[in-house]
Q: 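Please read through the structure below; I'll follow up with questions.
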Amino acid sequence: MFMMIMLTILIIMIITVEQSLQFNHNNHNHHQNEVFTNSFQIRFRRNIDQQLAHQIAKKHGFINLGPILGSQREYHFQHRALPHARNKRSIGHYRKLRSDHLIESAQQQLGFRRIKRGYKSLVLDEIENLQLQNDPNDPFFQYQWYLKNTGQNGGKPRLDLNVEAAWAQGITGKNVTTAIMDDGVDYMHPDLKDNYNAKASYDFSSNDPYPYPRYTDDWFNSHGTRCAGEVAAKRDNGICGVGVAYDSKVAGIRMLDQPYMTDLIEANSMGHEPDLIDIYSASWGPTDDGKTVDGPRNATMRAIVRGVNEGRRGLGNIYVWASGDGGEDDDCNCDGYAASMWTISINSAINDGQNAHYDESCSSTLASTFSNGAKDPHTGVATTDLYGRCTKTHSGTSAAAPEAAGVFALALEANPSLTWRDVQHLCVLTSKRNSLYDSKKRFFWNMNGVGLEFNHLFGYGVLDAGAMVALSKQWKTVPPRYHCEAGSIVSDNLSIPTNRSLTLNIETNACANTETEVNYIEHVQAVITLNSTRRGDVLLYLISPMGTKSMILSRRPNDDDGHDGFVKWPFMTTHTWGENPRGVWRLEVAHSGPEQQHGFIKEWILMIHGTKEQPYKDLPVEDDNSKLAIVKKAHEDAIDNKKN
Ligand SMILES: *[C@@H]1O[C@H](CO)[C@@H](O)[C@H](O)[C@H]1NC(C)=O
Ligand SMILES: *[C@@H]1O[C@H](CO)[C@@H](O)[C@H](O)[C@H]1NC(C)=O
Ligand SMILES: *[C@@H]1O[C@H](CO)[C@@H](O)[C@H](O)[C@H]1NC(C)=O
Ligand SMILES: *[C@@H]1O[C@H](CO)[C@@H](O)[C@H](O)[C@H]1NC(C)=O
Ligand SMILES: *[C@@H]1O[C@H](CO)[C@@H](O)[C@H](O)[C@H]1NC(C)=O
Ligand SMILES: [Ca+2]
Ligand SMILES: [Ca+2]
């Protein structure tokens with residue numbers, strides 16, 4: 001009997017563990033001018049301890065930077081004599097490493113670009129002193145309209161994160177750590193030093209435990225410090241403002257400040273101390289030039305998958321991502337970090353409810369927070385700045401992601417057993433439409449098949465800390481998750497038409513009566529291979545059996561790629577959350593734009609991720625107008641209909 005139970009538990013664990021859905025990201029451009037760094041990924045034939053790894057590295061003229069993702073078989077070596085970046089592989093060093101009988105493989109790391117989101121030139125601010133009663137006494141609190149919008153600077157009153165409602169429940173982020181993966185954190189800042197988690201911090205740009213920002217004249221490396229203050233600046237100390245979760249801890253992970261990014265720096269950062277760090281916040285990504293298609297590489301993908309499966313003692317790390325600053329000409333579904341199911345991608349709104357002009361849109365965005373003010377450029381996000389200063393001008397979707405991290409820190413204090421998926425469900429159920437709108441009237445609020453309102457720009461709306469904390473306290477972990485490959489189409493003769501669409505259908509029972517049956521959707525991916533004489537002219541829409549239409553790829557006028565296309569690229573949508581996946585899914589493919597283009601859609605694999613069992617079944621409903629009540633009723637009506 002005991003064996004049976006153990007076996008069952010084991011089987012369930014195997015099924016529900018997030019699989020590493022590693023599609024070849026062959027879309028990285030610039031094959032011809034690749035950059036090779038002085039770092040190597042070394043795989044040994046057997047497990048090796050640090051000591052021996054150091055010796056082997058030294059013998060071949062390298063230094064050992066340490067194990068990769070806690071492995072005893074894979075290590076990160078760096079050659080001191082090689083220049084940081086060159087255009088040719090270092091064949092000699094490669095051969096030398098490979099000649100070592102203990103080394104199975106050695107891979108020289110490619111260098112690529114990762115860009116901070118929303119860096120704006122610096123404006124120094126003066127600390128002004130004005131206080132409101134009962135509010136924090138910190139001098140910049142009055143400028144933190146994203147925490148409490150009273151209509152200051154032309155903002156819309158009550159359009160904010162509703163954090164005071166969370167604080168009033170006694171929740172301030174205690175015992176939760178958020179890592180800021182960025183250009184460093186000024187951990188000596190008087191408003192940050194008490195909330196700094198040194199043990200969870202590291203500097204992967206210069207390989208030491210002190211992620212202090214490197215000085216430059218223009219204070220370019222102020223980004224991480226500003227993000228850190230949004231999460232955990234201290235309350236009532238008379239300095240700057242307050243963080244969303246002002247009793248939580250921040251860790252600094254310095255990883256953006258070296259000539260080139262490598263897969264191993266990203267992987268080590270996203271996999272750093274996954275039991276000490278609860279939330280990782282990233283306000284950077286592939287270049288937002290509207291033509292890049294890029295995402296996590298091999299080791300980084302493994303780090304993320306390990307984080308959600310094993311991090312936080314098995315509950316899963318929360319990865320928060322800024323959706324991108326490429327504006328309307330970019331699409332964040334072409335950014336494999338933002339579009340990942342394992343990250344929570346956050347867009348921004350300004351203080352009167354419009355999207356910011358630099359906001360990208362895509363169907364993988366889950367929710368929104370705030371960036372700068374509408375008319376007055378000084379109405380940015382008020383937060384800590386380098387060298388003990390404060391700023392009022394932090395902005396970009398960069399500024400939005402750490403606010404979300406702060407809200408999640410509050411949710412995790414309210415209920416420390418929330419899983420990474422619970423946090424996503426809570427975002428869907430408690431974010432608000434409030435008064436968010438598209439300034440250009442392209443994207444409207446729509447309702448999906450279970451009555452949840454979504455917007456292509458803002459996901460499920462603006463985070464509501466008070467509501468999220470309240471629901472977190474009552475939360476019951478959602479049922480296990482399954483991955484269903486619902487169907488696929490492979491062809492070599494499906495030509496993409498111009499100015500009219502080709503529609504492909506996949507009819508699915510969503511793996512009914514198998515081990516991966518899905519009845520309640522979380523994420524849906526359309527994994528697509530296509531080519532085109534102009535990739536930026538391709539439009540893709542995915543329509544669910546319940547009729548929800550997601551634009552999974554918009555026109556990108558600057559993307560003139562005519563060669564790479566998309567190779568097994570996982571376009572993701574969150575818009576069908578809670579729906580029943582059974583029935584016919586439609587994919588509409590078209591070229592738009594002024595000139596005739598040619599191309600083929602070669603493959604579409606439909607992946608549906610979600611639960612077999614009904615989620616939220618055991619949650620009490622306190623407000624019949626809440627989203628929870630609406631979705632629950634939709635689920636129950638569907639069950640009743642089936643019975644009758
Ligand atoms: C990542 O690397 C592992 C082994 O190093 C390999 O088995 C796997 O296929 C790679 N995945 C991708 C997507 O390249
Ligand atoms: C803080 O969190 C850790 C897990 O990260 C847990 O073991 C510990 O009991 C918590 N401490 C308090 C005071 O809640
Ligand atoms: C396209 O290919 C499929 C098989 O892959 C075939 O059944 C179909 O007839 C072809 N259509 C055309 C127009 O060639
Ligand atoms: C797309 O692929 C087909 C072969 O499947 C090829 O004939 C065509 O030239 C390609 N088009 C582009 C734009 O690369
Ligand atoms: C497609 O339609 C748009 C808008 O109607 C038009 O401007 C464009 O010229 C058309 N493109 C082609 C190739 O006909
Ligand atoms: Ca303060
Ligand atoms: Ca982008």
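Computed over heavy atoms, backbone and side chain alike; hydrogens, waters and symmetry mates excluded. Each ligand, and each atom within it, is numbered from 1 in the order the structure gives.
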Q: Without hydrogens or angle criteria, can the side chains of Asp247 and Thr172 be said to hold a donor-acceptor pair below 3.5 Å?
A: yes
Q: With a 4.0 Å cut-off on heavy atoms, is Asp492 touching ligand 4?
A: no
Q: If you scan the protein for heavy atoms around atom 5 (O) of ligand 2, do you find one that is closer than 4.0 Å?
A: yes
Q: Run the ring pair (Phe, Tyr, Trp, His ring centres under 6.0 Å) test on Tyr187 and Tyr196 for me, step by step, so that the C-alpha distance in whole Å, both residues' side-chain angles and the decisive distance to 0.1 Å come before the verdict.
A: CA-CA 6 Å; Tyr187 47 79; Tyr196 180 64; 4.9 Å; yes
Q: Indicate, as side chain, backbone, both or neither, the part of Arg313 found under 4.0 angstrom from ligand 2 when only non-hydrogen atoms are considered.
A: side chain
Q: Is the closest heavy-atom distance from Gly562 to ligand 4 below 4.0 Å?
A: yes
Q: Can you tell me how the ring of Phe141 sits relative to the ring of Trp167, calling it parallel under 30°, perpendicular over 60° and tilted otherwise?
A: tilted
Q: Please check if any side-chain donor atom of Ser592 sits under 3.5 Å from a side-chain acceptor atom of Asp537, or the reverse.
A: no
Q: What do you reckon, does Asn531 have a nitrogen or oxygen under 3.5 Å from a nitrogen or oxygen of ligand 4?
A: yes
Q: Given the ring of Phe112, does Arg297 sit roughly above its face, with NZ or CZ under 6.0 Å from the centre of the six-membered ring and within 45° of the axis?
A: yes
Q: How far does OH of Tyr280 sit from NE2 of His272, to the nearest 0.5 angstrom?
A: 7.5 Å
Q: Counting no waters, what protein N/O/S atoms lie under 3.0 Å from the Ca ion (ligand 6)?
A: Asp138 OD2, Asp191 OD1, Asp191 OD2, Lys234 O, Asn237 OD1, Ile239 O, Gly241 O
Q: Test your reading of the structure: does Asp275 have an N or O sitting under 3.5 Å from an N or O of ligand 2?
A: no
Q: In terms of ring plane angle, is the pair Phe571 and Trp569 parallel, tilted or perpendicular, where the classes change at 30° and 60°?
A: perpendicular
Q: Just verifying a value: how many Å separate Met572 CE and Leu542 CG, rounded to the nearest 0.5 Å?
A: 12.5 Å
Q: Could you tell me which atoms of ligand 4, counted from 1 in the order shown, lie closer than 4.0 angstrom to a heavy atom of Ser532?
A: 13 (C)
Q: Got the closest protein heavy atom to atom 10 (C) of ligand 2, with its distance?
A: Asn175 ND2, 2.3 Å
Q: Does Arg535 make a cation-pi contact with Phe566 (under 6.0 Å, within 45 degrees of the axis)?
A: yes
Q: Would you say Lys602 and ligand 4 have an N/O pair spaced under 3.5 Å apart?
A: yes
Q: Can you pull out the closest protein heavy atom to atom 7 (O) of ligand 4? Residue, atom name and distance to 0.1 Å, please.
A: Phe600 CE1, 4.7 Å
Q: Please confirm whether Lys174 makes a cation-pi placement over Tyr246, using NZ or CZ under 6.0 Å from the six-membered ring centre and within 45° of the ring normal.
A: no
Q: The criterion is disulfide (SG to SG under 2.5 Å); which residues satisfy it with Cys362, sequence neighbours excluded?
A: Cys332
